[in-house]
Amino acid sequence: VQLQASGGGLVQAGGSLRLSCAASGSIFRINAMGWYRQAPGKQRELVAAITSGGSTNYADSVKGRFTIAIDNAKNTVYLQMNSLKPEDTAVYYCNANIRARAAWGPVRDYWGQGTLVTVSS
């Protein structure tokens, strides 16, 4: 199983970006997907997560500005980021909790390679 993230870049404060992350490989079922971020000198933190059923969870710092969505048919999760602030600058990592191969297959977390989001003031 692999996760491929895309969509990072440089944007001015107040702008928007959309991140995408596609899961591929021997996937039986995706239970949940999400985005974490890590700023320089800080610990990795949860930004937003969504279950395959559509239940969502957001960090307080992004509520009302970020929206997470999942396309189960495409095994892809999206993060729409609006009203970006300089403090949103970080490497954003895609995460997925996946049952691999079959109904009795192993369940584990997978991580994407990270995509850099830089918000200038």
Side-chain angles (χ1 to χ4, degrees):
V1 176
Q2 294 182 329
L3 300 182
Q4 182 66 46
S6 61
L10 174 64
V11 65
Q12 289 188 333
S16 298
L17 282 175
R18 188 191 193 210
L19 305 183
S20 300
C21 176
S24 62
S26 186
I27 298 169
F28 176 77
R29 176 182 175 84
I30 294 178
N31 297 314
M33 299 186 79
W35 291 93
Y36 288 71
R37 67 186 180 188
Q38 188 167 18
K42 295 187 176 181
Q43 290 188 331
R44 190 175 297 190
E45 63 175 358
L46 173 69
V47 177
I50 187 168
T51 67
S52 59
S55 297
T56 59
N57 182 36
Y58 293 93
D60 288 343
S61 60
V62 307
K63 284 180 180 177
R65 301 188 296 123
F66 292 10
T67 302
I68 191 168
I70 192 168
D71 185 332
N72 291 313
K74 296 181 178 180
N75 291 336
T76 299
V77 65
Y78 306 94
L79 185 68
Q80 178 67 42
M81 304 185 294
N82 299 328
S83 302
L84 282 160
K85 304 175 180 179
E87 51 263 44
D88 294 318
T89 296
V91 177
Y92 284 69
Y93 296 92
C94 174
N95 169 272
N97 184 266
I98 294 174
R99 183 180 296 278
R101 297 196 296 273
W104 55 88
V107 177
R108 55 159 284 193
D109 281 346
Y110 295 84
W111 292 90
Q113 81 281 13
T115 184
L116 178 62
V117 172
T118 303
V119 184
S120 63
S121 57

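Owing to the predicted nature of the structure, the values given are computational and were not obtained by experimental measurement. Numbering starts at 1 and runs along the sequence shown.
Pairs passing the side-chain hydrogen bond (donor to acceptor under 3.5 Å, both in side chains) check and including a residue from residues 49-58, sequence neighbours excluded, read Arg29-Ser52. Sorted by first then second residue, the disulfide bond (SG atoms under 2.5 Å apart) pairs that include residues 1-39, not counting sequence neighbours, are Cys21-Cys94. Applying the side-chain hydrogen bond (donor to acceptor under 3.5 Å, both in side chains) test to every pair with at least one member in residues 7-19, sequence neighbours left out, gives these pairs: Ser16-Asn82. Sorted by first and then second residue, the salt bridge (Lys or Arg N to Asp or Glu O under 4.0 Å) pairs involving residues 48-62 (not counting sequence neighbours) are Asp60-Lys63. Residue pairs meeting the side-chain hydrogen bond (donor to acceptor under 3.5 Å, both in side chains) criterion with at least one partner in residues 40-49, sequence neighbours excluded, are Arg37-Glu45.
Leu116 shares a hydrophobic cluster with Tyr36, Leu46, Val91, Tyr93, Trp111; the chain of contacts runs through ILVMFWY side chains whose heavy atoms sit under 4.5 Å apart. Think of Leu10 as one node in a network of Ile, Leu, Val, Met, Phe, Trp and Tyr side chains linked at under 4.5 Å; it has no links at all.
Under the rule for a side-chain contact (heavy atoms from CB on, under 4.5 Å), the partners of Val119 that lie at least two apart in sequence or sit in another chain are Val11, Ala13, Leu84, Pro86, Asp88, Thr89, Val117. With sequence neighbours excluded, the residues that form a side-chain contact (heavy atoms from CB on, under 4.5 Å) with Ser83 are Arg65. Shown here are the side chain to side chain donor-acceptor pair (under 3.5 Å) partners of Asn97, two or more places apart in sequence or in another chain: Asn31, Asp109. Partners of Ser20 under the side-chain contact (heavy atoms from CB on, under 4.5 Å) rule, at least two apart in sequence or in another chain, are Ser6, Tyr78.
In this structure, the separation between CD on Gln80 and CD1 on Ile68 is 12.0 Å, given to the nearest 0.5 Å. A distance of 11.5 Å separates CD1 in Ile30 from CD1 in Ile50, rounded to the nearest 0.5 Å. Between atom CG of residue Asn75 and atom CD of residue Gln4 there is a gap of 14.0 Å, rounded to the nearest 0.5 Å.
Shown here for Ala100 and Tyr110, the closest heavy-atom pair between the two residues is CB-OH, 4.0 Å. Between Tyr92 and Met81, the shortest heavy-atom distance links the atoms CE2-SD, 3.9 Å.
Checking side-chain atoms of Gln113 against main-chain N and O of Ala5 turns up a donor-acceptor pair under 3.5 Å.
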